[in-house]
Protein chains: 2
Amino acid sequence: MEGKAKKILIADDEPDILEIVSYNLQKEGYEVYTAKDGNEALEKARLLNPDLIILDIMMPRKTGVEVCEILRSQPTFQDTLIIFLTAMSDEASQIKGLETGADDYVNKPISTKVLISRVNALFRRVNHKDTEKSIRIGDIIIDPVKFLVNIKGEEMILAKKEFELVYLLASRPGRVFLRNEILSQVWGNDVIVGDRTIDVHIRKVRQKLGVDCITTVKGVGYKFDA
Amino acid sequence: MEGKAKKILIADDEPDILEIVSYNLQKEGYEVYTAKDGNEALEKARLLNPDLIILDIMMPRKTGVEVCEILRSQPTFQDTLIIFLTAMSDEASQIKGLETGADDYVNKPISTKVLISRVNALFRRVNHKDTEKSIRIGDIIIDPVKFLVNIKGEEMILAKKEFELVYLLASRPGRVFLRNEILSQVWGNDVIVGDRTIDVHIRKVRQKLGVDCITTVKGVGYKFDA
DNA sequence: TTCCATGTTAACATTCAGTTTACACAAAGT
DNA sequence: ACTTTGTGTAAACTGAATGTTAACATGGAA
């Protein structure tokens with residue numbers, strides 16, 4: 001369907017729910033991880049940096065609300081999507097949850113259909129191009145909305161990977177990106193590609209841009225000249 | 001945003017909800033009024049003529065559904081937006097609500113984030129309708145009122161989906177629309193159609209227009225050439 | 001009802017982005 | 001000099017993404 005698989009972390013103390021939900025989400029093409037209590041959820045969240053976290057509210061060793069509050073206080077998880085699973089009777093935590101910054105709620109007992117459509121809807125909402133902003137360095141403008149690079153008024157079209165590569169490097173001009181970093185950012189954490197792949201793309205980018213703005217740092221990586 | 005502040009009337013018998021929701025909507029720049037039961041909602045609706053009414057379904061002195069039915073029977077409120085708040089998450093009651101003439105529903109417990117995004121989405125949708133003015137790009141004129149496209153004086157009729165597709169793409173020439181975005185804008189958020197459907201429509205449009213003005217950005221989406 | 005226009009799907013064809021392969025070359029270490 | 005290590009470059013290869021066609025579904029009008 002699209003891009004690289006989104007990572008979802010789901011935390012619930014009922015193994016049955018974990019299994020059913022993760023099965024269904026996986027079938028939808030998501031990369032699913034599970035946690036069986038609040039602390040494990042926190043750990044794995046930090047480890048995996050998921051795109052979406054589904055938190056049961058009633059969990060041992062930190063409730064979903066507590067986990068959410070802790071995560072939201074850290075900048076890394078400011079934009080991470082969070083969905084609460086709530087029992088309908090559980091009003092106290094519900095009201096509390098209103099302010100903790102969840103993005104959506106799903107009531108128990110869970111209908112996998114409902115959950116999945118909510119998950120998809122959330123991702124759809126976030127995926128919008130408008131949220132990405134263009135980068136400008138000298139006479140080079142990198143515009144993710146129009147998906148093209150403008151050099152001194154001349155527009156050039158890059159392929160997807162090429163564009164993502166420039167966008168990454170240009171996002172922090174002068175900073176050197178290790179080959180691993182580039183791989184995990186542009187290709188995703190679990191995609192395994194050969195050694196020369198990055199080089200080839202760097203080359204294509206250099207060719208298309210015409211301007212020499214990407215510097216090789218031998219044995220380290222690449223950087224976009226400031 | 002822009003223009004004058006939209007008036008929102010929210011009716012619920014729980015003071016906490018009224019307070020939280022109205023606080024958040026006000027923060028978004030809306031002009032918010034409240035009612036604590038069905039009759040008060042009706043009164044204030046007539047008094048204020050709001051742009052949007054948020055109705056809890058379970059209220060004393062007339063339920064949300066009753067209020068909605070009464071309002072909808074009057075021409076004044078034919079175009080007023082209505083959102084239901086419902087504790088019932090089962091699909092049956094949701095469908096019933098929509099049949100009554102609601103524009104959307106939000107399940108309790110409410111996530112303010114969700115509610116606000118729905119509200120914004122609704123206004124956006126309506127705003128677009130009002131703003132439905134013809135788009136002109138080069139010799140191509142897209143007229144949503146007459147529902148036809150004029151290329152160098154020659155008029156051509158498009159089918160509904162075809163037209164909506166061009167209109168979307170042409171509304172922001174040069175901007176790349178992801179397949180997701182196209183799906184949610186043209187087909188709606190909960191309609192699930194196959195991958196190839198968009199392609200087929202794109203093809204039909206390209207055929208009918210004759211001019212090559214839609215570019216595909218592989219792995220990303222489509223855009224209307226500026 | 002039947003007819004017709006539109007929308008959707010499924011199946012197959014094609015294209016091109018992305019990757020690999022293979023080798024050339026340059027710099028640093030021995 | 002020779003080897004090692006890392007990168008540049010061109011071309012071939014592969015498959016996912018898209019194009020295309022035709023058949024099927026649906027819903028409204030005659």
Side-chain angles (χ1 to χ4, degrees), chain A residues 1-5 29 127 147-149 156-169 176-225, chain B residues 147-149 156-169 176-188 190-225:
Chain A
M1 202 73 139
E2 50 177 316
K4 36 193 169 283
N127 238 0
F147 211 81
L148 41 80
V149 178
M156 31 202 34
I157 299 165
L158 302 193
K160 195 184 171 201
K161 281 276 187 298
E162 292 163 15
F163 189 88
E164 286 172 351
L165 185 54
V166 203
Y167 193 77
L168 174 67
L169 295 181
V176 179
F177 287 84
L178 310 181
R179 294 174 98 84
N180 312 337
E181 292 181 301
I182 296 175
L183 276 182
S184 69
Q185 294 285 328
V186 177
W187 275 264
N189 273 311
D190 23 51
V191 183
I192 302 159
V193 294
D195 275 6
R196 300 270 64 73
T197 304
I198 294 180
D199 309 6
V200 173
H201 282 273
I202 289 279
R203 171 175 153 63
K204 285 180 184 169
V205 169
R206 279 172 173 158
Q207 248 179 191
K208 285 197 182 177
L209 296 196
V211 191
D212 186 24
C213 53
I214 297 175
T215 307
T216 308
V217 183
K218 267 198 120 175
V220 186
Y222 296 92
K223 67 173 179 179
F224 198 100
D225 304 322
Chain B
F147 215 79
L148 45 77
V149 178
M156 33 199 34
I157 299 166
L158 301 192
K160 194 180 165 211
K161 282 276 188 294
E162 291 164 13
F163 189 88
E164 285 172 353
L165 185 53
V166 205
Y167 193 78
L168 174 67
L169 294 182
V176 177
F177 289 84
L178 310 182
R179 296 175 98 83
N180 278 336
E181 295 179 299
I182 296 175
L183 276 183
S184 67
Q185 295 283 327
V186 177
W187 274 264
D190 18 53
V191 182
I192 301 157
V193 294
D195 268 11
R196 301 271 65 73
T197 304
I198 295 180
D199 308 6
V200 173
H201 284 271
I202 289 277
R203 173 175 152 64
K204 286 179 183 169
V205 168
R206 291 213 254 233
Q207 251 179 188
K208 286 197 181 176
L209 296 195
V211 192
D212 186 22
C213 53
I214 297 174
T215 307
T216 106
V217 182
K218 256 201 145 178
V220 186
Y222 296 92
K223 67 175 177 179
F224 199 100
D225 303 322

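Proteins come first, then strands; the chains are lettered A, B, ... in the order of their sequence lines, and each starts at number 1.
- Toward the 5′ end of DNA chain C lies the nearest nucleotide of B/R196, the other residue of the pair A/K161 and B/R196 mapping further downstream.
- B/D225 places none of its side-chain heavy atoms less than 4.5 Å from the side chain of B/I214.
- Put simply, CD1 on A/I198 is 11 Å from P on C/dT20, counting in whole angstrom units.
- Neither OP1 nor OP2 of C/dG18 sits under 4.0 Å from any side-chain N or O of A/W187.
- In this structure, B/R179 does not reach the D/dA17 phosphate: none of its side-chain N or O atoms is under 4.0 Å from OP1 or OP2.
- Rounded to an integer number of Å, the gap from B/R203 CZ to C/dT6 C1' is 16 Å.
- Under the rule for a side chain to side chain donor-acceptor pair (under 3.5 Å), the partners of B/E162 that lie at least two apart in sequence or sit in another chain are B/K208.
- The interatomic distance linking A/I182 (CD1) with D/dG6 (C1') rounds to 14 Å, in whole Å.
- The B/E162 side chain lies nearest to C/dG7 when the options are C/dG7, D/dT20, D/dT9.
- Atom P of nucleotide C/dC16 and atom NZ of A/K208 are separated by 12 Å, given to the nearest angstrom.
- Straight-line distance from the NE2 atom of A/H201 to the P atom of D/dT9: 15 Å, rounded to whole Å.
- OP1 or OP2 of C/dG18 has not a single side-chain nitrogen or oxygen of A/T197 nearer than 4.0 Å.
- Residue-level contact check: B/T216 touches the backbone only, with heavy atoms under 4.0 Å from sugar-phosphate atoms and none from bases.
- Sequence order on DNA chain D of the closest nucleotides to B/V200 and B/G221 puts B/G221 first from the 5' end.
- Salt bridge A/R206/A/D199: absent, no basic N to carboxylate O contact under 4.0 Å.
- Residue B/Y222 has a polar side-chain atom (N or O) positioned under 4.0 Å from OP1 or OP2 of D/dG19.
- Residue A/L178 places its CG atom among more than 12 non-hydrogen atoms of other residues, nucleotides or ligands, all under 6.0 Å distant.
- Mapping A/V217 and A/Q207 onto DNA chain D via the closest heavy atom, the residue that lands nearer the 5' end is A/V217.
- In this structure, A/F147 and A/K160 approach most closely via the heavy-atom pair CZ-CA, 3.8 Å.
- Atom pair B/K160:NZ and D/dG27:P shows a separation of 13 Å (rounding to whole Å applied).
- Between the side chain of A/K218 and the base of D/dT5, no donor-acceptor pair under 3.5 Å is found.
- To the nearest angstrom, P of D/dA11 lies 13 Å from NZ of A/K204.
- If you check every strand for non-hydrogen atoms under 4.0 Å, A/F163 touches nothing.
- Atom P of nucleotide D/dT9 and atom CZ of A/R206 are separated by 7 Å, given to the nearest angstrom.
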